[in-house]
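What follows is a short report on a single structure.
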Amino acid sequence: MKPSDREVRRRLLKLGLVTAPLLAMPVWARVACVPAVTNILGPAYRKNAPYRTALCDPDEPGTPLSMTGTITDAATCKVLHGVLLDVWQVNARGDYDMDTQSFHLRGRMRTGADGRYRFESIEPVPYGKRPRHIHFLLTRDGYEPRITQCYFAGDERNATDPYVRKELIITPSEHAGARNGSRRLEGRFDIALERERQVDPKSVGKWTDYEGDYEVAPGVTVSIRRDGQRLLWHLSAAEEPGDPLDGVLHPRMRDSFFVAEYDKTFRFVRDEHGRVTHTLDDDGSLARKIR
Ligand SMILES: [Fe+2]
């Protein structure tokens, strides 16, 4: 469900991103530039999906769904062209295509000059405890990668799934389908991207403090290494098959970093001598530095 105009106004003012003139802008601009809520990547992501805007054939089983949206800069509300979207979802039986070369119901596309994207698919179905959802991974030079999911209103699992955020629930409009008595859906999901944070070179120098291996579970470690201006993580084993094993730690503030793939912020914990001894995530899980 989209936030109401009043709610958007309140949030924008709170963020200090806008003053009165912006509120006179068209509604789409105001709605679209609220930064998108992040969400986990999940184990079903596959790299190298083909570039296309039709994720399946027109006769794909399920309810036809067209998805559109506008991608904007969260600070300026200007539309962003050339944003790379990578989207993936289940079929009408609740299965992801994890291994075929057709990359069924997966695709990559870029936003046009107007910042818009559009793709044709089917309405996803729930599977296991998860409600209907479509995964999105957005990247563009100079911006933080955005990993998120859109959910569908009316799914009872939205109330129980721990990953659902109400800001990510959309209500597609219903239309008559091509066949008699059939229906098709049109969904809209706008996303704002935040500029990549500039890192103070002095703080990068201190990142060597963080390097090492941390035990996240018995026999499972996350290794943290500096690579120039970036801090990288590598997980020794996945909790679920397909879970991401590598990524970048995005700096947030001193000793605090964001891991987009798992939608978690990690803080490095220091002892009384200033030495890093643990990581602490926002769920309160500690991982001890063992090397
Ligand atoms: Fe999923």
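Just so you know, ligand 1 is whichever comes first in the structure, and atom 1 is the first atom listed for that ligand. Everything quoted here is computed from the prediction, not taken from an experiment.
- Here Asp209 does not pair with Lys206 in a salt bridge; the nearest charged N to carboxylate O distance is not below 4.0 Å.
- Residue-environment remark: CD (Glu194) exceeds the threshold of 12 foreign heavy atoms within 6.0 Å.
- Residues Tyr151 and Tyr163 place their aromatic rings such that the two centres sit no closer than 6.0 Å.
- Just one of Tyr262, Trp207, Trp233 meets the ring pair (Phe, Tyr, Trp, His ring centres under 6.0 Å) condition when paired with Phe257; it is Trp207.
- Our summary of the site lists the angle at the Fe ion (ligand 1) between NE2 of His133 and OH of Tyr96 as 100°, to the nearest 10 degrees.
- Put simply, Gln149 stays out of reach of the Fe ion (ligand 1), with no N, O or S atom under 2.8 Å from it.
- When the N, O or S atoms of His135 are ranked by distance to the Fe ion (ligand 1), NE2 comes first.
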